[in-house]
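Below is one structure; the comments refer to it alone.
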Amino acid sequence: MSQTEIPRSTSKPARDIWTEVTPQAMYDKLVAVSRNLWWSWHPEVVSLFRDLDPVRWRQLDHNPVALLAEMTPDQVAQRASEMVLFTRINQAHRRLRDYLKNTQSTWGAREGGVLGSMPVAYFSAEFGIHESVPIYSGGLGVLSGDHIKSASGLGVPLVAIGLFYDQGYFKQQLDREGWQNEEYQDTKVENLAMEPANDKNGKPIMVTIDTLDGKLMAKVWLMRVGRVPLYLLDCDVEGNRPEDRELTSRLYGGDLRTRIRQELVLGVGGVKALRALGIHPGVYHLNEGHSGFAPLEVIRERMSDDGLSFDDALRDVAQHTVFTTHTPVPAGHDRFEGKLIEEHLGPLRQHLGISYDQLMGLGRVEPQNEQETFCMTVIGLKLSRRANAVSSLHGQVSRRMWSNLWPWRVEEEIPIGHITNGVHVPSWLAHPMQLLYDRYLGPDWLGNVGDSETWQKVYEIDPGELWETHNALKSRLLEFVRRRVSRQCRRRNEDEAAVETARTVLDPSALTIGFARRFATYKRADLFMKNLDQFAELIDDVNHPVQFIFSGKAHPADEPGKKLIQAIANLRHDPRLANKIVFVEDYDINVGRHLTQGVDVWLNNPRRPLEASGTSGQKVVLNGGLNCSVLDGWWAEAYNGKNGFAIGLGKQHVDTALGDQRDADELMRVLRDEVIPLFYDRDADGLPKQWIGHMSNSIASLAARFSAHRMVMDYVKSAYLVAAGGLSSDMNMR
Ligand SMILES: *Cc1c(COP(=O)(O)O)cnc(C)c1O
């Protein structure tokens, strides 16, 4: 490469390794970039890593740390000169460096006020940041990941606390009968961009939690997610009993005792870790009830540091605590027996100077009711002064659900507001779409994705161009699905004919509908099967073909969920549907990204109102797909008649079976009368003009409102700033 390609920094001394072009210097730059997950939402940087070795890149789950560990600096240099990568390496490195330095001109610096010196501590049991970092299971984790990425982008002072699961969540494989098998794999710590977190004296942090049954210890890892540090507690340390060393191995594994111990580590251990780090949060944000014990430890600190009484400390800590509830499904709220609570919180309770009954009362709707177990959502609500649900409808449902906590208030005045979930645009937007938006949406549109104005220029995009870009993404999805499905067949030792069929499955010109999520029964993945014959006839129309791609895991203990998967996976044996319905194994962020970027339609048909928000459909919007959904969660406030399709009228049914049948009929009607005709209504150029009109309307009306940037700005304005200032709360999140 020529010398002129090397960026020269005038302010730096001459011996700056970053201006050298030795193989080692190039390699070090790549390593530096790989060690901040910032790379994962920059497509130019992702493709830089891919270009180093496309085959290994795929095999290693798109993990640049693992990829670079396999290569020597000389191999990297060789490859870089073949592929002319030097400029791109320098650019990636410089962009990251500038991003980390530039904290003064961000939205957070302008609007974040007092948060600057007292950051938000954001607690979550899982973080979905990238497929190569397997510490998430599904929607909650992806939401947390998107939250901290947008906090980073906006420059909101925030640190995140989670758990490090060295086996993560399971890998899913279906056997020949379509039955889900789970496999857990050890994650190699050295392949992750994390390092031990050190205390003020540079020593690795170890937190210790007393229980009545002995001490529980955890070390702390630091993972960098853009400007946000993510601290992960890990119980696999010497000194813990063998069973405790495995405590944080798996997400949502084990029994209730495992669960409460994990939550003790997350909440109480997390607060202790912050203290050891010398971080003094101004706000504690508990994302879901799992971290509900955290405020108890903060109360203990306030009592011992400032000599407050328990009641005064509680009042004070609650002012600084924000709680987000995520599920309207009763079984989705963690509950523990008094015995487990006392075993794990007994020592802390004694420090707080409160009785067993007082402690239990904090987790009960009726504090004196000894029949009631300890509920993590209840303690979250009681120890926070600002609580929110994750969509408008979920807010209504939550106020009703928890109205007994405030029996003296009418339902509208139950202090649970809502902030609707959103998605991190750079993470979910396909690169070709980004390039298209670059040309139409004006300069720095990516910096203003939370602003509706930004997206209005979408109407100026040439319809043909929008359609072609979408179709290129759809082809990419079908390639991906064929590769995956034929690999599935090969693994199951199916005959060559089956593998060959899989290699050409699906038709690029057919209307393609995606459905992927956790296979919980209330999400009704099998709704279309209630009218299977009618359905088969509808989609098997040579002139108007329709095809479906399914994906999703069932919780290992969820037999009915596994049966649903099996029923759908086995439709491949139905000759009417064989080439029209595929099931892609092992749903994760990678599968989710391909699907949401390539489908024509995203189908969502939960039993209303059990879907608190949902976010996959929001990812689809960004990429030009249309939603076809029950009016539940985010869609209940998003649908305007021209930006997608609604199943049903937004009513609840008292009789579940009857409701399911009505929705199944309605699903069939919407597909037959609205979705399919609109998609196949082509003009002389072969363009579905009206469909493309829906695409533009969907992007223009929804992209900003359902972005994580908008969501985080809402949290800052209506929750964090109030909590940090200790202002009286008027719960105006509704
Ligand atoms: C976006 C996403 C989710 C959230 O999905 P919903 O079904 O919309 O709640 C879950 N899992 C993965 C892998 C995702 O990417």
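Between the side chains of Ser144 and Asn287, at least one donor N or O lies within less than 3.5 Å of an accepting N or O. With hydrogens and angles left out, the side-chain atoms of Trp691 and Asp600 include no donor and acceptor closer than 3.5 Å. Between the side chains of Gln59 and Arg56, at least one donor N or O sits under 3.5 Å from an acceptor N or O. For the residue pair His130 and Asn63, no side-chain donor N or O sits within less than 3.5 Å of a side-chain acceptor on the partner.
Asn627 contributes no side-chain N or O that, together with a main-chain N or O of Ser629, makes up a donor-acceptor pair within less than 3.5 Å. Of the possible polar contacts, none joining the Arg518 side chain to the Gly139 backbone as a donor-acceptor pair under 3.5 Å is found. At distances below 3.5 Å, not a single donor-acceptor pair connects side-chain atoms of Thr615 with backbone N or O atoms of Gln618. In this structure, Lys562 contributes its side chain and Pro556 its backbone to a donor-acceptor pair below 3.5 Å. Of the possible polar contacts, one joining the Asp175 side chain to the Glu177 backbone as a donor-acceptor pair under 3.5 Å is found. Using modelled atom types, no side-chain atom of Tyr136 and backbone atom of Gly145 make a donor-acceptor pair closer than 3.5 Å.
Between Ile692 and Pro688, the closest side-chain pair of non-hydrogen atoms falls below 4.5 Å. By the 4.5 Å heavy-atom criterion applied to side chains, Asp632 and Leu393 are counted as neighbours. Using a 4.5 Å heavy-atom threshold, the side chains of Val449 and Trp455 count as touching. Put simply, the side chain of Val458 does not reach to within 4.5 Å of the side chain of Tyr440, judged on heavy atoms. With a 4.5 Å cut-off on side-chain heavy atoms, Val225 and Lys149 count as touching. In this structure the side chain of Leu52 reaches within 4.5 angstrom of the side chain of Leu30, judged on heavy atoms. Taking 4.5 Å as the limit, every side-chain heavy atom of Leu595 sits out of range of all side-chain heavy atoms of Val584.
Here Trp602 contributes atom CH2 and Trp635 contributes atom CH2; the two are 13.5 Å apart, rounded to the nearest 0.5 Å. Distance check, rounded to the nearest 0.5 Å: CD1 of Ile135 to CZ of Phe127 gives 7.5 Å. Atom CZ of Arg476 sits about 6.0 Å away from atom NE2 of His594, to the nearest 0.5 Å. The line from CZ of Arg607 to OH of Tyr522 is 10.5 Å long, rounded to the nearest 0.5 Å. For the atom pair OG (Ser427) and CG (Leu622), the distance works out to 10.5 Å, reported to the nearest 0.5 Å. For the atom pair Asn579 CG and Thr501 OG1, the distance stands at 8.5 Å (nearest 0.5 Å).
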Pairs of donor and acceptor atoms involving the side chains of residues 527-534, under 3.5 Å and at least two apart or interchain, shall be tabulated with distances.
unit_1, atom_1, unit_2, atom_2, d
Asn531, OD1, Gln661, NE2, 3.4
Asn531, ND2, Asp665, OD1, 3.3
Asp533, OD1, Arg576, NH1, 2.9

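With sequence neighbours left out, Asn570 forms a side-chain contact (heavy atoms from CB on, under 4.5 Å) with Gln566, His573. The side-chain contact (heavy atoms from CB on, under 4.5 Å) search around Arg483 returns Arg58, Phe480, not counting sequence neighbours. Not a single side-chain contact (heavy atoms from CB on, under 4.5 Å) links Val542 to another residue, sequence neighbours left out. Checked against side-chain contact (heavy atoms from CB on, under 4.5 Å), Pro328 has the following partners two or more places apart in sequence or in another chain: His394, Val397, Ala612. In this structure His424 satisfies the ring pair (Phe, Tyr, Trp, His ring centres under 6.0 Å) test together with Trp41, sequence neighbours excluded. Under the ring pair (Phe, Tyr, Trp, His ring centres under 6.0 Å) criterion, Tyr587 pairs with no residue, sequence neighbours left out. Applying the side chain to side chain donor-acceptor pair (under 3.5 Å) rule to Gln180 yields the partners Gln172, Glu182; only residues at least two apart in sequence or on another chain are considered. Residues satisfying the side chain to side chain donor-acceptor pair (under 3.5 Å) test with Arg484, not counting sequence neighbours, are none. Listed by chain and number, the residues in a ring pair (Phe, Tyr, Trp, His ring centres under 6.0 Å) with Phe519 are Phe583 (sequence neighbours excluded). Not counting sequence neighbours, Tyr184 has no partner by the ring pair (Phe, Tyr, Trp, His ring centres under 6.0 Å) test.
The shortest non-hydrogen separation linking Val630 to Asn605 is CG2-CA, 3.6 Å. The shortest non-hydrogen separation linking Tyr680 to Pro545 is OH-O, 2.5 Å. Scanning all heavy atoms of the two residues, the minimum distance from Leu626 to Val620 falls at N-CG1, 4.0 Å. The nearest pair of heavy atoms linking Cys489 to Val499 is CB-CG2, 3.9 Å. Nearest heavy-atom pair, Arg79 versus Pro54, reported as atom, atom and distance to 0.1 Å: NH2-CD, 3.8 Å. Here the closest non-hydrogen pair linking Pro64 and His62 is CD-O, 3.4 Å.
Here side chain to side chain donor-acceptor pair (under 3.5 Å) pairs that include residues 543-552, with residues two or more places apart or in two chains, are Thr512-Gln547.
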Applying ring pair (Phe, Tyr, Trp, His ring centres under 6.0 Å), run through His470 and Trp467 and close with a yes or a no. CA-CA 5 Å; His470 167 70; Trp467 186 241; 5.6 Å; yes

Evaluation steps, salt bridge (Lys or Arg N to Asp or Glu O under 4.0 Å), between Glu611 and Lys523: CA-CA 8 Å; Glu611 192 67 84; Lys523 297 184 187 245; 3.2 Å; yes

Check step by step if salt bridge (Lys or Arg N to Asp or Glu O under 4.0 Å) holds for Asp663 and Arg524. CA-CA 10 Å; Asp663 285 352; Arg524 302 188 299 188; 2.8 Å; yes

If you apply the rule side chain to side chain contact (heavy atoms under 4.5 Å, CB included), what do you find for Leu37 with Trp39, and how did you get there? CA-CA 5 Å; Leu37 280 143; Trp39 67 262; 4.0 Å; yes

Worked check of side-chain hydrogen bond (donor to acceptor under 3.5 Å, both in side chains) between Ser701 and Asn643: CA-CA 8 Å; Ser701 64; Asn643 58 4; 3.2 Å; yes

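In summary, of the residues considered (Arg491, Lys553, Lys171, Arg487), a salt bridge (Lys or Arg N to Asp or Glu O under 4.0 Å) with Glu585 occurs for Arg491 alone. Of the residues listed (Thr596, Asp146, Asn623), the one engaging Trp428 in a side-chain hydrogen bond (donor to acceptor under 3.5 Å, both in side chains) is Asp146, and it is the only one.
Aromatic ring pairs are classed by plane angle as parallel below 30°, tilted from 30° to 60° and perpendicular above 60°; the pair Tyr169 and Tyr252 is perpendicular. Using the six-membered ring where Trp is involved, Phe645 and His694 have ring planes that are parallel, under 30° apart on the 30 and 60° scheme. Ring planes of Trp634 and Phe706: perpendicular class, angle over 60° (limits at 30 and 60°).
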